[in-house]
Amino acid sequence: MADNTRNKIQLIDLGLPSGTLWADRNVGADTPEEYGDYFRFGETTPFTENSPSYKYETIKRGIAGTDKDAATTILGAHFRMPTIVQIKELLDYCSRQWTQVNGVKGTMATGPNGNSIFLPAAGYRNYGNGSLDNVGSYGNYWSASPYRSEYGRTFYLGPTIWYWLYDNRAYGLPVRPVNG
């Protein structure tokens, strides 16, 4: 857990039926409201404006806990990207409120036990040129679950929406780690 010490990541028990613990911040963030790093699906090196083109490869199974999982690779074996099942549980059992923390817009997700995590509206990195888009307007986070040949499952949050969907794997999205 090399990066865990530096970032002081806390695992939050939201009281979810599965017992999954959610990290209080994104991979690469020093505080809960920072956006952290952006990753393309299956890559463990942050995606920046200077990154090489994305190379699609066949990924038919979930990448949680594997060498393609940014959370596991960067933070260690106790962390992983959430599966689509864990994301659905978060969406089904937590209430949400669009808010600001230290001037950063995002969603405060509160679990059945009253504990909360803040998910900043980090937007995404455009797969064409690596530029940041929609920062502060909405957030879109990777799961560890692939979807068809060119997509990965994601969860999406904004001022009035909160749901799961899929996006092209070449987009750069933040990763919110889980343990469980």
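Just so it is clear, the values below take in all heavy atoms, side chains as well, and ignore hydrogens, waters and symmetry mates.
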Please walk me through it: do Thr107 and Thr99 pass side-chain contact (heavy atoms from CB on, under 4.5 Å)? CA-CA 6 Å; Thr107 295; Thr99 188; over 6 Å; no

Please check: side-chain N/O of Glu34 versus main-chain N/O of Asp30, any donor-acceptor pairing under 3.5 Å? yes

Does the side chain of Ser149 reach to within under 4.5 Å of the side chain of Lys60, using non-hydrogen atoms? no

Does some side-chain heavy atom of Phe118 sit less than 4.5 Å from a side-chain heavy atom of Asp24? no

Do Tyr171 and Ile59 belong together in a cluster built from hydrophobic side chains that touch within less than 4.5 Å? yes

Spacing of His78 atom NE2 and Asn179 atom CG [to the nearest 0.5 Å]: 7.0 Å

Any chance you could measure Leu21, atom CG, to Ile12, atom CD1, to the nearest 0.5 Å? 8.5 Å

Is there a path of hydrophobic side-chain contacts, each under 4.5 Å between heavy atoms, that joins Val175 and Tyr166? no

Looking only at the side chains, is there a donor atom on one of Asn168 and Tyr56 sitting less than 3.5 Å from an acceptor on the other? yes

Beyond-backbone contact of Leu14 with Trp22, side-chain heavy atoms, under 4.5 angstrom: yes

When you check the side-chain N and O atoms of Tyr138 and Asn134, is any donor under 3.5 Å from an acceptor? yes

Report yes if the side chains of Tyr156 and Tyr163 come closer than 4.5 Å at any heavy-atom pair, otherwise no. yes

Distance col, row Leu165:CG vs Arg153:CZ, nearest 0.5 angstrom, shows 8.5 Å

For the side chain of Ser143 and the backbone of Ser145, is there at least one donor-acceptor N/O pair under 3.5 Å apart? yes

If hydrophobic clusters are built from ILVMFWY residues whose side chains come within less than 4.5 Å, do Tyr93 and Ile117 share one? yes

Hey, mind stepping through Glu49 and Ser131 against side-chain contact (heavy atoms from CB on, under 4.5 Å) and telling me if it holds? CA-CA 6 Å; Glu49 290 177 336; Ser131 65; 4.2 Å; yes

Evaluation steps, side-chain contact (heavy atoms from CB on, under 4.5 Å), between Thr154 and Trp164: CA-CA 6 Å; Thr154 61; Trp164 60 272; over 6 Å; no

Under 3.5 Å, is there a donor-acceptor pair between the side chain of Tyr38 and the main chain of Ala122? yes

Rounded at 0.5 Å granularity, tell me how far CG in Leu157 sits from OG in Ser137. 11.5 Å

Between Phe47 and Arg40, is there a cation-pi geometry (under 6.0 Å to ring centre, at most 45° from the normal)? yes

Going hydrophobic residue to hydrophobic residue with side-chain gaps under 4.5 angstrom, can you get from Tyr151 over to Ile84? no

Quick one: does Asn113's side chain have a donor or acceptor within less than 3.5 Å of a partner on Asp13's backbone? yes

Same apolar cluster: Tyr35 and Phe155, side chain cutoff 4.5 Å: no

Distance-minimising heavy-atom pair for Leu16 and Cys94: CD2-SG, 4.0 Å

Ion pair Lys68/Glu57, N-O distance below 4.0 Å: yes

From Thr73 OG1 over to Arg80 CZ, what is the distance, rounded to the nearest 0.5 angstrom? 13.5 Å

Could you check whether any side-chain N or O of Glu89 sits under 3.5 Å from a backbone N or O of Ser18, counting only pairs where one atom can act as donor and the other as acceptor? yes

Would you check if Val27 and Leu75 make a side-chain contact, meaning some heavy-atom pair closer than 4.5 Å? yes

Just by modelled atom types, is the Thr72 backbone N or O under 3.5 Å from a matching donor or acceptor in the Asp69 side chain? yes

Please check if the number of heavy atoms outside Tyr147 that lie under 6.0 Å from its OH is greater than 12. yes

Which heavy-atom pair separates Phe79 from Pro177 by the least distance, and what is that distance? CD2-CB, 3.9 Å

Supply the atom-to-atom distance Glu43 CD to Ile63 CD1, rounded to the nearest 0.5 angstrom. 10.0 Å

What's the verdict on side-chain contact (heavy atoms from CB on, under 4.5 Å) for Asp37 and Asn26, showing C-alpha distance, side-chain angles and the deciding distance? CA-CA 8 Å; Asp37 293 323; Asn26 295 342; over 6 Å; no

Closest non-hydrogen atom pair between Ser51 and Pro46, with its separation: OG-O, 3.7 Å

Short question: side chain of Tyr54, backbone of Phe41 - any donor-acceptor pair under 3.5 Å? yes

Does any N or O in the side chain of Arg176 come within less than 3.5 Å of the main-chain N or O of Ala23, such that one atom is a donor and the other an acceptor? yes

Spell out, as yes or no, whether a donor-acceptor pair under 3.5 Å connects the side chain of Trp142 to the backbone of Phe39. yes

If you measure only the distance, is there a donor-acceptor pair under 3.5 Å linking the side chains of Asn50 and Thr48? no

Tell me whether the NZ or CZ atom of Lys105 lies within the 45° cone about the ring axis of Trp98 and under 6.0 Å from its centre. no

Counting distance only, does the side-chain N/O of Ser116 pair as donor-acceptor with the main-chain N or O of Met108 below 3.5 Å? no

